[in-house]
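From a predicted model like this one, the values you see are computed outputs, not experimental measurements. Each chain gets a letter, A, B and so on, in the order the sequences are listed, and its residues count up from 1.
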Amino acid sequence: MLNLKFIQDNPELVIERLAVKRFDARAIVEKVIALYQRRNEVQIVAEAQKAEMNQLSKVIGQLFKDGKASEANSAKEKTVEIKDQIKNLESEFDVIDVELAQLQVLLPNLPSPLVPEGKGAEDNLIVTTGGEIPVLPEGAKPHWELATQYDLINFELGVKITGAGFPVYKGYGARIQRALINFFLDQAREHGYLEVQPPYLVNEASGFGTGQLPDKEGQMYHDKTDNLYLIPTAEVPVTNIFRDVIVEAKDLPIKTTAYSACFRREAGSYGKDVRGLNRLHQFDKVEIVQIAHPDKSYESLNDMVLYVQTLVEKLELPYRILRLCGGDMGFTSALTYDFEVWSAAQERWLEVSSVSNFESFQATRLKLRFREEGRAKPQVAHTLNGSALALPRIVAAILENYQTPDGIRVPKVLVPYLGGCEIIR
RNA sequence: GGAGAGAUGGCAGAGUGGUCGAUUGCGGCGGUCUUGAAAACCGUUGUACCGAGAGGUACCGGGGGUUCGAAUCCCUCUCUCUCCGCCA
């Protein structure tokens, strides 16, 4: 979330930048400034009253000690009025404070100056393309048909056990999941990321910290009995490792990776986009997270994009990297690069990774700070994360792009992870 | 699920109504000593907000109450730990 003081000091900048995200912030910003000012006035008066009250209490205490009970009692009478005033001021302060907090979470993060103008996906900027689009054999099939033909994934079984969007992977279908997870984790570790295994359910504070709550409430599965949320991405538990933490500047950037299953309700998305592996309620993903110094966070972003690029290249999948336009960006992001791979039989691009710099937006919510050498005051850090990578669409692209009349070829880098298997028949 | 204990500064752990933002130890930082290090000794060491500054305010798990005054007393919620039961 945006810092209140920052909003107060830069109202026009906030409004102007959020317009790029197609968000009209004027009304909220004006309200925030008015409330913030009023809260400040109330605070000044209330604290002066409290100071007087504290002073009086000390005097009364001393009078009692000195045995001057009657003087003490008359002094007590004076406190009644002050107490009453403090109470009123405090309740006004609290009301304003709650209102401010509610308004504050309505404002999305400011997009970086690099973000292109635009309404939706069609306005995203293609910054890189790579790999070669394969020429498929006669009668090439989409991945959901291949998955059935080779008995790799059973969608109907998932429907029976749970519901749509919960596929059952079988045989090499299951093994390729495990192979990809291990491959991605090994790669991340080699690139300096510390591997962690986080919980898959998180509490409310964690959901708030990374920005899922309160706004994206309906996108997460919620266990009401214990008030826990199934994670939509490992970003949530991993980033929340650093909630309420002050780190040393010399330790930055902190690089963490985790594999997790991800759970998304995907309320309201239906149609051809959800076919097969294209959109699931449960899927696997390896996530990378960085905590960075504000001066270096765009270096980190660059580093992460280059890293993810090596993954799709090693898998030899045709890909492109998009810089998302204002209208297509997420609520919490300042700059986002999406990775898409070409799904040759569907003849469409599939998003397999989203790499973002959140700058101080999450860190402000998380109270994640760092301290420079010496006695410097703690400053808010920057957070970044990215998929590296999400599995289902990678699997879809592999099945489709690597299909041959004799079976599905296995990408070279995965062969050792599949016990030497080079082709799935 | 049953019973009990507890939640205090980076950590450990005192404090049971007043000068307590909080004793002390460890750790961290700075210094003395040393060729260097260790040891010893000395000093220092929470966060946020308000204020031009002096300084002020708040925070001892969260919320509420009693009181002139609460880390300390009362109520309530949450969480953690231990034992028993069940179970992977």
Visitor: Return the value, rounded to whole Å, for the distance between atom CG of L89(A) and atom C1' of U57(B).
Guide: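 The answer, rounded to whole Å, is 13 Å.
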Visitor: Between G65(B) and G56(B), how many Å separate the two C1' atoms, rounded to a whole number?
Guide: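 It works out to 27 Å between them.
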Visitor: Give one of base, sugar-phosphate or nothing for R39(A), where a contact means two heavy atoms less than 4.0 Å apart.
Guide: nothing
Visitor: In which ranges does RNA chain B form stems of 3 or more consecutive Watson-Crick or G-U pairs, distances under 3.5 Å?
Guide: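 RNA chain B stems, ordered by first number: B:1-7 with B:78-84, B:10-12 with B:24-26, B:27-32 with B:40-45, B:46-50 with B:55-59, B:61-65 with B:73-77.
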Visitor: Which atom pairs, donor and acceptor, lie under 3.5 Å between side-chain atoms of residues 174-185 of chain A and protein residues at least two apart or in another chain?
Guide:
residue: Q177(A); atom: NE2; partner: D284(A); partner atom: OD2; Å: 3.1
residue: N182(A); atom: ND2; partner: R178(A); partner atom: O; Å: 3.3

Visitor: Taking only the P atom of each, what is the distance from C29(B) to U82(B) in whole angstrom?
Guide: 33 Å
Visitor: Please report, rounded to the nearest Å, how far the P atom of C50(B) is from the CZ atom of F93(A).
Guide: 9 Å
Visitor: Nearest whole angstrom, please: distance from the P of C50(B) to the CZ of R38(A).
Guide: 16 Å
Visitor: Contact list please: residues 76-87 of chain A against RNA chain B, heavy atoms, distance less than 4.0 Å, in numerical order.
Guide: K76(A), T79(A), K83(A)
Visitor: Using the P atom as the point on both nucleotides, what is the distance between A37(B) and G28(B), in whole Å?
Guide: 15 Å
Visitor: Tell me yes or no: between the side chains of Y259(A) and E195(A), is some donor less than 3.5 Å from an acceptor?
Guide: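 Side-chain D/A pair, Y259(A) to E195(A): absent.
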Visitor: Taking the C1' atom of each, how far is G13(B) from C75(B), in whole Å?
Guide: 28 Å
Visitor: Test V410(A) against I424(A) for side chain to side chain contact (heavy atoms under 4.5 Å, CB included), laying out the working first.
Guide: CA-CA 7 Å; V410(A) 173; I424(A) 298 168; 4.0 Å; yes
Visitor: If you only use heavy atoms from C-beta on, which nucleotide in C68(B), U47(B), U57(B) is closest to the side chain of R369(A)?
Guide: U47(B)
Visitor: Please set out all donor-acceptor pairs under 3.5 angstrom arising from side-chain atoms of residues 380-396 of chain A, sequence neighbours excluded.
Guide:
residue: H382(A); atom: ND1; partner: S297(A); partner atom: OG; Å: 2.8
residue: T383(A); atom: OG1; partner: Q362(A); partner atom: OE1; Å: 2.7
residue: N385(A); atom: ND2; partner: E235(A); partner atom: OE1; Å: 3.3
residue: N385(A); atom: ND2; partner: E235(A); partner atom: OE2; Å: 3.3
residue: S387(A); atom: OG; partner: S354(A); partner atom: N; Å: 3.1
residue: R393(A); atom: NE; partner: N278(A); partner atom: O; Å: 2.7
residue: R393(A); atom: NH1; partner: E351(A); partner atom: O; Å: 2.8
residue: R393(A); atom: NH2; partner: N278(A); partner atom: O; Å: 2.8

Visitor: Could you tell me how far apart Q49(A) (CD) and A58(B) (P) are, to the nearest whole angstrom?
Guide: 13 Å
Visitor: In terms of side-chain heavy atoms of K50(A), which of C50(B), A58(B), G46(B) is nearest?
Guide: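 For K50(A), the side-chain atoms sit closest to A58(B).
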Visitor: Within the pair K5(A) and C50(B), is there a side-chain N or O less than 4.0 Å away from OP1 or OP2?
Guide: yes
Visitor: Counting only side-chain heavy atoms from C-beta out, which of C50(B), G56(B), A48(B) sits nearest to A51(A)?
Guide: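 Closest of the options to the side chain of A51(A): G56(B).
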Visitor: For Q37(A) and C50(B), what is the distance between atoms CD and P respectively, to the nearest whole Å?
Guide: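 Value for this atom pair: 13 Å.
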Visitor: Among A48(B), U19(B), U57(B), which is the nearest nucleotide to the side chain of Q62(A)?
Guide: U19(B)
Visitor: In whole angstrom, give me the gap between the P atoms of C74(B) and A7(B).
Guide: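 Nearest-Å result for C74(B) against A7(B) at atom P: 14 Å.
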Visitor: Will you find, in the side chains of Q187(A) and K314(A), an N or O donor that is under 3.5 Å from an N or O acceptor?
Guide: yes
Visitor: State whether a side-chain donor-acceptor pair under 3.5 Å links Y229(A) with E204(A).
Guide: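 No, no side-chain donor-acceptor pair sits under 3.5 Å.
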Visitor: Quickly work out the D244(A) CG to G46(B) C1' distance and round it to whole Å.
Guide: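 In whole Å, G46(B) C1' and D244(A) CG are 14 Å from each other.
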Visitor: Round to a whole Å and report the spacing from CD1 of I60(A) to P of G17(B).
Guide: 20 Å
Visitor: Considering every strand and a 4.0 Å limit on heavy-atom distances, what is the contact class for I44(A): base, sugar-phosphate, or nothing?
Guide: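 Sugar-phosphate, no base atom in range.
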Visitor: Side-chain donor-acceptor contacts of residues 298-306 of chain A below 3.5 Å, not counting sequence neighbours, with atom names and distances?
Guide:
residue: Y298(A); atom: OH; partner: E359(A); partner atom: OE2; Å: 2.4
residue: S300(A); atom: OG; partner: Q290(A); partner atom: OE1; Å: 2.8
residue: D303(A); atom: OD2; partner: Q290(A); partner atom: NE2; Å: 3.2

Visitor: Provide the distance between the two C1' atoms, one in C73(B) and one in C84(B), to the nearest whole Å.
Guide: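 After rounding to an integer number of Å, I get 33 Å for this pair.
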Visitor: Could you work out the separation of G2(B) and C11(B) based on their P atoms and round it to a whole Å?
Guide: 32 Å
Visitor: May I have the distance from E47(A) (atom CD) to U57(B) (atom P), rounded to whole angstrom?
Guide: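 Distance, rounded to whole Å: 8 Å.
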Visitor: Need one value for N73(A): base, sugar-phosphate or nothing, where a base atom within 4.0 Å counts as base even if backbone is also close, heavy atoms only.
Guide: nothing
Visitor: Expressed as a whole number of Å, how far does the C1' atom of A54(B) sit from that of G46(B)?
Guide: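 Here A54(B) and G46(B) have their C1' atoms 23 Å from each other.
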Visitor: With a 3.5 Å cut-off and sequence neighbours excluded, list the donor-acceptor pairs that the side chains of residues 95-120 of chain A form with protein atoms.
Guide:
residue: D97(A); atom: OD1; partner: R39(A); partner atom: NH1; Å: 2.5
residue: Q104(A); atom: NE2; partner: L2(A); partner atom: O; Å: 2.8
residue: N109(A); atom: ND2; partner: T332(A); partner atom: O; Å: 3.0
residue: N109(A); atom: ND2; partner: F358(A); partner atom: O; Å: 3.1
residue: S112(A); atom: OG; partner: L114(A); partner atom: N; Å: 2.9

Visitor: Is a donor from one side chain sitting under 3.5 angstrom from an acceptor on the other, for Q149(A) and E145(A)?
Guide: no
